[in-house]
K.L.:
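Encoded as structure tokens, here's the structure I'll be asking about.
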Amino acid sequence: MRRAIFPGSFDPITLGHVDIINRALPLFDEIIIAIGINADKKYMFSLEDRVKFIKENYAHEPKIKVETYAGLTIDICEKLNVDFILRGLRNPADFEFEKAIAQTNRKLSNIETVFLLTSADTSFISSSIVRDILRNGGNVDGFVPKSVLKK
Ligand code: ADP
């Protein structure tokens, strides 16, 4: 079984994440969307909400599972018997950051990181921009899936 984990904060899930997940679906038998819990980070949405947004969006997709985790991504990979980490690349800054993490993870484990390049129409979307729009009362139609818009 070809199983991947897509780790992230998903605060909240955006159409950029959805694009990467949907394009990765044909590549894997199962994709576990793993919401990381970092005690030092302040989140806009509760963990429950972040889980709910993803579960609702993929209610009819049996290949998608949602998990939450604290600690190292490679440790949850081992626990869940996952061989691949899925990540999206938007720009050179993402590349530099992701390169160091992927190489570190390779040094610590046998887990391979698979990168998908962002789509042209979602490459500008990030959770932090969405949070900024929301904080200032703007409209995030076209940035996030319906499950987030409902909130
Ligand atoms: P993190 O806190 O780990 O960066 P995010 O939830 O911000 O978590 O992102 C999770 C993953 O989704 C990362 O690999 C990130 O590069 C990717 N991602 C986020 N937005 C986009 C986008 N618009 N296009 C492609 N990949 C994206």
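One-based numbering along the sequence shown. Numbering of ligands and ligand atoms starts at 1, following listing order.
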K.L.:
Has ligand 1 got any nitrogen or oxygen that is less than 3.5 angstrom from a nitrogen or oxygen of Asp11?
P.N.:
no
K.L.:
Heavy atoms only: which of Ser123, Ala34, Ser128, Gly88 is nearest to atom 16 (O) of ligand 1?
P.N.:
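The residue whose heavy atom sits nearest atom 16 (O) of ligand 1 is Gly88.
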K.L.:
Taking Cys77's backbone N and O only, do any of them form a donor-acceptor pair with Arg3's side chain (distance below 3.5 Å, no angle check)?
P.N.:
no
K.L.:
Going by the rule side-chain hydrogen bond (donor to acceptor under 3.5 Å, both in side chains), which residues pair with Tyr69 if we only count those two or more places apart in sequence or in a different chain?
P.N.:
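By the side-chain hydrogen bond (donor to acceptor under 3.5 Å, both in side chains) rule, Tyr69 matches Thr73.
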K.L.:
Do Ser127 and Met44 have side-chain heavy atoms sitting under 4.5 Å apart?
P.N.:
no
K.L.:
Which residue holds the protein heavy atom closest to atom 18 (N) of ligand 1, what is that atom called, and what is the gap in Å?
P.N.:
His17 CD2, 3.9 Å
K.L.:
Below the 3.5 angstrom mark, is there an N/O of Pro7, backbone or side chain, next to an N/O of ligand 1?
P.N.:
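No - when backbone and side-chain N and O of Pro7 are compared with those of ligand 1, no distance drops under 3.5 Å.
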K.L.:
If you count the atoms of ligand 1 from 1 in the order shown, which ones are under 4.0 Å from a heavy atom of Ile20?
P.N.:
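The atoms of ligand 1 under 4.0 Å from a heavy atom of Ile20 are 25 (C), 26 (N).
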K.L.:
Measure Phe124 to ligand 1 on non-hydrogen atoms and call it side chain, backbone, both or neither using the 4.0 Å cut-off.
P.N.:
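The answer is neither.
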K.L.:
Indicate yes or no: does an N/O atom of Lys41 lie under 3.5 Å from an N/O atom of ligand 1?
P.N.:
yes
K.L.:
Does one hydrophobic cluster hold both Val66 and Ile85, with members joined at side-chain heavy-atom distances below 4.5 Å?
P.N.:
no
K.L.:
Is there a polar contact between ligand 1 and Thr122, counting only N or O atoms under 3.5 Å apart?
P.N.:
yes
K.L.:
Taking atom types as modelled and ignoring hydrogens, do the side chains of Lys41 and Ser9 form a donor-acceptor contact shorter than 3.5 angstrom?
P.N.:
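Yes, side-chain donor-acceptor contact under 3.5 Å.
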K.L.:
Please find out if less than 6.0 Å separates the ring center of Phe53 from that of Phe45.
P.N.:
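Yes, they do, as the ring centres are separated by less than 6.0 Å.
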K.L.:
Give the atom numbers and elements of ligand 1 that come within less than 4.0 Å of a heavy atom of Phe6.
P.N.:
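Atoms satisfying the 4.0 Å criterion: 11 (C), 12 (O).
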K.L.:
Which pair of non-hydrogen atoms, one from Ile21 and one from Ile31, has the smallest distance, and what is that distance?
P.N.:
O-CD1, 4.0 Å
K.L.:
Could you check whether Phe28 and Phe84 have their ring centres less than 6.0 Å apart?
P.N.:
yes
K.L.:
When you look for heavy atoms under 4.0 Å from ligand 1, do you find them on the side chain of Asp94, its backbone, both, or neither?
P.N.:
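It is the side chain that touches ligand 1; the backbone stays farther off.
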K.L.:
Output yes when the distance from some N or O of ligand 1 to some N or O of Phe10 is under 3.5 Å, and no in every other case.
P.N.:
yes
K.L.:
So which atom in Ile125 and which in Arg90 form the shortest heavy-atom distance, rounded to 0.1 Å?
P.N.:
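Minimum heavy-atom separation between Ile125 and Arg90: O-NH1, 3.5 Å.
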K.L.:
Excluding sequence neighbours, so at least two apart, what forms side chain to side chain contact (heavy atoms under 4.5 Å, CB included) with Leu116?
P.N.:
Ile20, Arg23, Ala24, Leu27, Leu86
K.L.:
Tell me which protein heavy atom sits closest to atom 24 (N) of ligand 1, plus the residue, atom name and distance to 0.1 Å.
P.N.:
Thr118 OG1, 2.9 Å
K.L.:
Return the residue, atom name and 0.1 Å-rounded distance of the protein heavy atom closest to atom 20 (N) of ligand 1.
P.N.:
Arg90 NH1, 3.3 Å
K.L.:
Arg87 to ligand 1: N or O pair under 3.5 Å?
P.N.:
yes
K.L.:
So for ligand 1, is Ser9 a polar contact partner (N or O within less than 3.5 Å, distance only)?
P.N.:
yes
